[in-house]
Amino acid sequence: QVQLVESGGGLVQPGGSLRLSCVASGSILSINVMGWYRQAPGKQRDLVASITRGGIINYADSVKGRFTISRDNAKTTMWLQMNSLKPEDTAVYYCNAKKFTTVTIDAWGQGTQVTVSS
């Protein structure tokens with residue numbers, strides 16, 4: 001019903017920047033909130049940043065001041081601008097969309113690897 005495709009990951013040195021993109025297709029008008037999650041090996045998948053249909057933005061404390069989430073007016077494309085990257089930012093980053101009905105329905109992208117290393 002909702003398909004998500006991420007791109008933009010790669011290898012970057014500490015202090016560098018990357019810009020991730022997520023393109024949504026399908027039943028996109030039903031999406032209530034979109035966001036970025038990340039998961040490092042052996043660790044839980046955690047929320048990085050999110051934006052609601054009404055434009056409310058939330059960031060994890062670990063990325064505040066460094067990452068910026070944004071989207072286009074049609075709400076079909078979402079970006080995550082990542083600056084001042086640290087080795088602890090290394091993870092697979094996933095695009096996520098949620099639809100709130102009687103239960104929360106999640107759609108996930110395939111993930112894109114971000115590696116921060118010298």
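- When all heavy atoms of Ala91 and Gln113 are compared, the pair lying nearest together is O-NE2, 3.4 Å.
- In this structure, Arg53 contributes its side chain and Lys75 its backbone to no donor-acceptor pair below 3.5 Å.
- The closest side-chain heavy-atom distance from Val103 to Thr101 is below 4.5 Å.
- Cluster membership for Ile28 and Val23, using ILVMFWY side-chain heavy atoms within less than 4.5 angstrom, is not shared.
- Heavy-atom minimum distance, Leu4 versus Met34: CD2-CE, 4.1 Å.
- Grouping the Ile, Leu, Val, Met, Phe, Trp and Tyr side chains by contacts below 4.5 angstrom, directly or via other members, places Val33 apart from Ile69.
- Using modelled atom types, one side-chain atom of Glu6 and one backbone atom of Gln110 make a donor-acceptor pair closer than 3.5 Å.
- Both cation-pi conditions hold for Arg45 and Tyr94: the charged atom is under 6.0 angstrom from the six-membered ring centre and inside a 45 degree cone around its axis.
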>> Pair Leu18, Leu85 - check side chain to side chain contact (heavy atoms under 4.5 Å, CB included), show working.
In response: CA-CA 8 Å; Leu18 283 174; Leu85 283 162; 4.2 Å; yes
>> Using the rule given for side chain to side chain contact (heavy atoms under 4.5 Å, CB included), can you reason through Val2 versus Ile31, listing the C-alpha separation, both sets of side-chain angles and the distance that settles it, and then say yes or no?
In response: CA-CA 8 Å; Val2 176; Ile31 297 173; 3.9 Å; yes
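- Note on Ile51 and Trp36: same hydrophobic cluster, where clusters join Ile, Leu, Val, Met, Phe, Trp and Tyr whose side-chain heavy atoms are under 4.5 Å apart, directly or indirectly.
- For the 3.5 Å distance criterion, the side chains of Ser50 and Asn58 fail to qualify, holding no donor opposite an acceptor.
- The shortest distance between side-chain heavy atoms of Pro87 and Pro14 falls below 4.5 Å.
- Linking ILVMFWY side-chain heavy atoms closer than 4.5 Å, directly or via other members, places Leu47 and Phe67 in two distinct hydrophobic clusters.
- Residues meeting the salt bridge (charged side-chain N to carboxylate O under 4.0 Å, His left out) test with Arg66, sequence neighbours left out: Asp89.
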> What's the verdict on side chain to side chain contact (heavy atoms under 4.5 Å, CB included) for Ser21 and Met78, showing C-alpha distance, side-chain angles and the deciding distance?
Replying inline: CA-CA 6 Å; Ser21 299; Met78 181 178 64; over 6 Å; no
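- Residues forming a side-chain hydrogen bond (donor to acceptor under 3.5 Å, both in side chains) with Lys64 (at least two apart in sequence, or on another chain): Asp61.
- Interatomic distance, OG1 of Thr104 versus NZ of Lys99, reported as 11.5 Å (0.5 Å rounding).
- Within the model, atoms OG of Ser70 and CD1 of Ile57 stand 8.0 Å from one another, a figure rounded to the nearest 0.5 Å.
- By the neighbour-count criterion of 12 heavy atoms within 6.0 Å, atom CD of Glu88 is densely surrounded, having more than that number from other residues, nucleotides or ligands.
- Asp72 places a side-chain heavy atom less than 4.5 Å from the side chain of Trp79.
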>> Let's go through Tyr93 and Met82 carefully: what are the C-alpha distance in whole Å and the side-chain angles of both, what is the deciding distance for side chain to side chain contact (heavy atoms under 4.5 Å, CB included) to 0.1 Å, and is it a yes or a no?
In response: CA-CA 12 Å; Tyr93 284 70; Met82 304 185 293; 3.9 Å; yes
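- Side-chain contact between Val92 and Thr112 is absent, with no heavy atoms from C-beta onward closer than 4.5 Å.
- Gln3 CD: more than 12 foreign heavy atoms inside a 6.0 Å radius.
- Applying the ring pair (Phe, Tyr, Trp, His ring centres under 6.0 Å) rule to Trp108 yields the partners Tyr37; only residues at least two apart in sequence or on another chain are considered.
- Checked options Val114, Leu20, Thr68, Val63; the residue passing with Leu80 is Leu20 (criterion: side-chain contact (heavy atoms from CB on, under 4.5 Å)).
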